[in-house]
Structures are given as structure tokens and as C-alpha cells.
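Reckoned from all heavy atoms, side chains included, excluding hydrogens, waters and symmetry mates. Numbered from 1 within each chain, the chains take letters A, B, ... in sequence-line order.
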Amino acid sequence: MDLRLMVDSLPQLLLGMLATLELVALSGALGVVLAVPVALARVSPRAWVRAAPLGYIFFLRGTPLLVQIFLVYYGLGQFETVRESVLWPVLREAYWCAIIAFTLNTSAYTAEILRGAIQAVPPGEVEAARALGMSHALTLRRVVLPRAVRMALPAYGNEVILMVKGSALASTITLLDLTGMARTIIAKTYKPLEIFLAAGLLYLLITLVITRLIRRAETHLSTTANPRPKGRP
Amino acid sequence: MDTPALEALDIHKSFLGHEVLRGVSVRARDGEVIAILGSSGSGKSTFLRCVNFLEVPESGTVRVGGEEVRVRRKRNGYAFDQKQINRLRARVGFVFQSFNLWPHRSVLDNIVEAPVHVRRIPRPEAVARAESLLEKVGMADRRDLYPNQLSGGQQQRAAIARALAMDPDVILFDEPTSALDPELVGEVLGVIRRLAEEGRTMLIVTHEMGFAREVSDRTVFLHQGRVEEEGESSEVFAGPASDRMRRFLSGHLT
Ligand SMILES: Nc1ncnc2c1ncn2[C@@H]1O[C@H](COP(=O)(O)OP(=O)(O)OP(=O)(O)O)[C@@H](O)[C@H]1O
Ligand SMILES: [Mg+2]
């Protein structure tokens, strides 16, 4: 074991870790933004609205993330309309292709998590809102979504961790995320054991921190835990 | 004659072809307390829920303070105006058997939610009103607690304050004490009794016969989706006209 090498590669690996965090954070945030309307469609009283995102969810959950990344990265460029569009400078970049693939992928999983949580909101609480004259939209915004988000948190924490690990696939389209960076270092040093071990430890660190953050958010938003005195004795 | 505070006329409702309400009509004068009695499955809850359209009746008319909602059957579904129903609901309070407070909001926030977001009352004003309502239901010292930190009786009193906060013309109670431990029933009935003394118009579904007899002005007895008997509570309880009501009462006064 070349401990020295592990330590020496740390600065570069940390750069890779930053890239990983950025990928996950950006596509995670965009994924949530996409997931909310998809989840709302899934619980619509209208059957055709409910059915609309089914294909989207089925495809994104039913195919490997790697295939989705390749489809965006290699596939989009096949279309002349894409190559000629104003978006081409963006869609040409591996970075944005990874963001797009990750965003779509996580949005499908997040939408399903959120749908489950929305359906788990006790109907009596929704009726209480409706009985006070709250409109459908207001009830959604003030009662259903806040309740659902709290219930979805544990499952969403899982999804974020899966996303961190899945983000390693970005290295297959030349991105220098944590895994990508490890592979570049190994190409120069021929020491896969040390470098992958160091990278693995950094992934563990990320997972650990995320688990903690989610748990803290859970207690903070909890409705069963300790009282939250807001500046009152 | 003064116009009634609430009229629910000829309400029909069925579930999957089973007729649960077969033309029930109830009128409440301003300040009147009406007890709605009947055995399990007679349609009491369904009727209350139809009054504020938590359940959409197949036909019937509901009138509250000048707002009239009439339901007619269309070819595909029912014709009604959601905005109008929301306006009606804002004037009709509903107190549920299972309280249905929102667990993610403090007691105070449960109460100011609808005044602020439905009636658009400025928050400080709504908070001040909520505090006086909490005082009234004996919960002033609990305003910052969350629903699951409260006993059932306290939750129901908070739920009553939440309904009162909209300053409703009528309040509907669906078995407000049935989910409570026996020792907590009294505190909730006490609050409702005080509302009656204030002259609130209320429809109360309850199995607490002593309470119904004492608090209500009139009693409506439902049987299989029809009004079987109706009258001044003092008379109805003293000597019910129908056999069914007599049997019902003797079964409940044991
Ligand atoms: N959502 C529903 N779907 C199908 N049937 C229903 C529904 N709600 C009520 N019913 C039926 O309608 C009938 C009347 O029910 P309702 O709840 O109004 O009775 P109730 O008088 O309130 O009885 P209880 O004293 O038990 O509360 C019952 O036979 C019940 O099974
Ligand atoms: Mg009932």
C-alpha cells in the first residue's frame, strides 16, 4: 500500500469530489423541480392527466442510467435539428449531457416518491382544508405538499445517495468527477488499489454527510418530535 | 318571518346505487341548535357532508346566508360551481369526529390558516382573533404546541376554534366527542354548550343523548335516509311520536 500516493492524490481527488457534488446538487435540484408537476399529474382526478407521465416514468426507471447517459451524449447529436438548434453548444458538452441525464433520471424516481407521499396524506386533513373553503390549489400548496414533503424525506434521502453513486457513470463520458479523476490518476500511476480506495472513502464521506443532513431536516420538520419554542419560554 | 340561517332541501345521495339520503330537508333558524339523531348507517354523516359538499349530492339545494347552491344532474356528472361551493364552505364550519388538525402546523397556525389565506385577513389581525378564540376554548396556553402534543379533547377544542375563526354562519358537528376518552368528553361538550348559549346556529350529530336533549332547540331523527321524526327537542325527547324514535331513545338512555 502506497499511503504516500493516496495522500498526494488527495488534492486532485477532492477536485473530483467537488465536481461530483456539483453534478448531484444541480441535477438533484432540477430533478425536484421536474418531479413536482409529474407527481401532481400522477395524482390528478382526471384519468388522462394521470396517464400522461406514465411512459416517462416507465422509461426512466426501466432503463439503466448508463444507457440514458449514452442516449443523451451520443444520441442527441444524431439529429440535425438538435445540431442546428441554439442549444447545441450546450448539448455538445459532456457536462450538460450528464446533468440532463441525471436530472431526468432522478426526476422520475423523485416523482414516484412524492406521489406515494401525497397519497399517504390522511384524507381527513385534506377535507378539513376543503371544508374551510380552501381551493384545490391552495389546499395543495398549504396542506398536501408540505405534509407530503415531510413524509417523503427518508425515501428521498435514499434517492440522493443512489444519485451520488450513480454519478460515477459520468466518468464514462469524459467527465472528471470523483471516479473520473481517480481513473486519470490511475492511468498515470498504475496504482488502482490505492486510488480507488481513496475515492471510495471520499464517496463514503459524502454519503455519511448526506445521511446526517437528511436526518437533521427530518427532525427539524418533524411533527411528532419535541416542541419548537420560537423565542417563547 | 326571518330567513333561515341554513336551508338544506330535498338532499338525495346514493353510493354505488345504494340510496343513503332520500330527500332530507333541514332548516335552521338563526341561532337555532339542531340535534341530528339516528342509528348507525341512517345517513347522519352523509347529510352533514352534503350540506357543505364534502359529498356532492345527486340533487338538492343548500342555502346559507344568501348563497344558494343547487345541484342538478348533467349527462356526465353533476353541475355545480366550485367557486360558489368554496364561498359556501367559508361560511359553514365543520367539526370532524377525528379533529383533522394539520399536524405540521402549531395550534395557532391551524387556526389562522384559513382566515389569512381564504378570507385574506391580515395575519396580525387573524392572530389576535385566534388568541381570543383559544381563550374561549380554554387553550390559550397551548397556542404554540403541535397537534400531537395535545390530548384528544384539546385537539377537538382547537379544531372548534379553527372552525370559529372563519366566523361561520352555521357550524356542523359530526359526532365531535365519539373519538374521545370518556373523561375528555365533558370539556368538549362544555365548549359546544357555551357556543349554544352565545346563539350560534349549529347542526350537531351526536350519540350523547343527555347533551342533545339539553342543548338543542330542535331534533331531527333520521332513519334509512329519511327524516322519520322532527320537532321541538323538549317534546320529542319527552314523548317521541314514532315507534322507531321511541325505541332508539330507550336504547340510548340505558
Ligand atoms: N363514501 C362512501 N362510499 C360508500 N358508501 C358509503 C360512503 N359513505 C357512507 N356510505 C354508506 O352510507 C350509509 C350511511 O352512512 P353514514 O356515515 O351517513 O351513516 P351515519 O348515520 O353517520 O352512521 P354512524 O352513526 O355510524 O356514523 C352507510 O350504509 C354507509 O355504509
Ligand atoms: Mg357518522
If one checks every heavy atom of B/Leu88 against chain A at 4.5 Å, the contacting part turns out to be neither
Is the closest side-chain heavy-atom distance between A/His136 and B/Gln82 below 4.5 Å?
no
Which bit of B/Arg49 is near chain A, if near means a heavy-atom gap under 4.5 Å: side chain, backbone, both or neither?
side chain
Got a second to check how far A/Leu132's CG is from B/Met166's CE, nearest 0.5 Å?
6.0 Å
Between atom NE2 of B/His104 and atom CD of A/Glu125, what is the distance when rounded to the nearest 0.5 Å?
7.5 Å
Is it the case that more than 12 heavy atoms not belonging to A/Arg212 sit under 6.0 Å from its CZ atom?
no
More than 12 heavy atoms of other groups within 6.0 Å of A/Arg215 CZ:
no
Contacting region of A/Leu138 [heavy-atom separation from chain B under 4.5 Å]:
side chain
Are any non-hydrogen side-chain atoms of A/Met134 and B/Asn86 less than 4.5 angstrom apart?
no
Go through A/Ser135, A/Pro122, A/Ala129 and name the one with the most non-hydrogen pairs under 4.5 angstrom from chain B.
A/Ala129
Do any N or O atoms from the side chain of B/Trp102 and from the backbone of A/Val143 form a donor-acceptor pair under 3.5 angstrom?
no
Can you confirm whether more than 12 heavy atoms, excluding those of B/Arg27, are under 6.0 Å from its CZ atom?
no
Do you know the tightest heavy-atom contact between A/Arg130 and B/Leu54?
CB-CD2, 4.3 Å
Based on non-hydrogen pairs under 4.5 Å, which of B/Asn52, B/Val118, B/Leu172 is most in contact with chain A?
B/Val118
Heavy-atom contact with chain A under 4.5 Å, split by part of B/Val95
neither
Closer than 3.5 angstrom, by distance alone: can the side chain of B/Asn100 be matched with the main-chain N or O of A/Gly124 as a donor-acceptor pair?
yes
Shortest non-hydrogen contact from B/Phe96 to A/Ala131?
CZ-CB, 4.1 Å
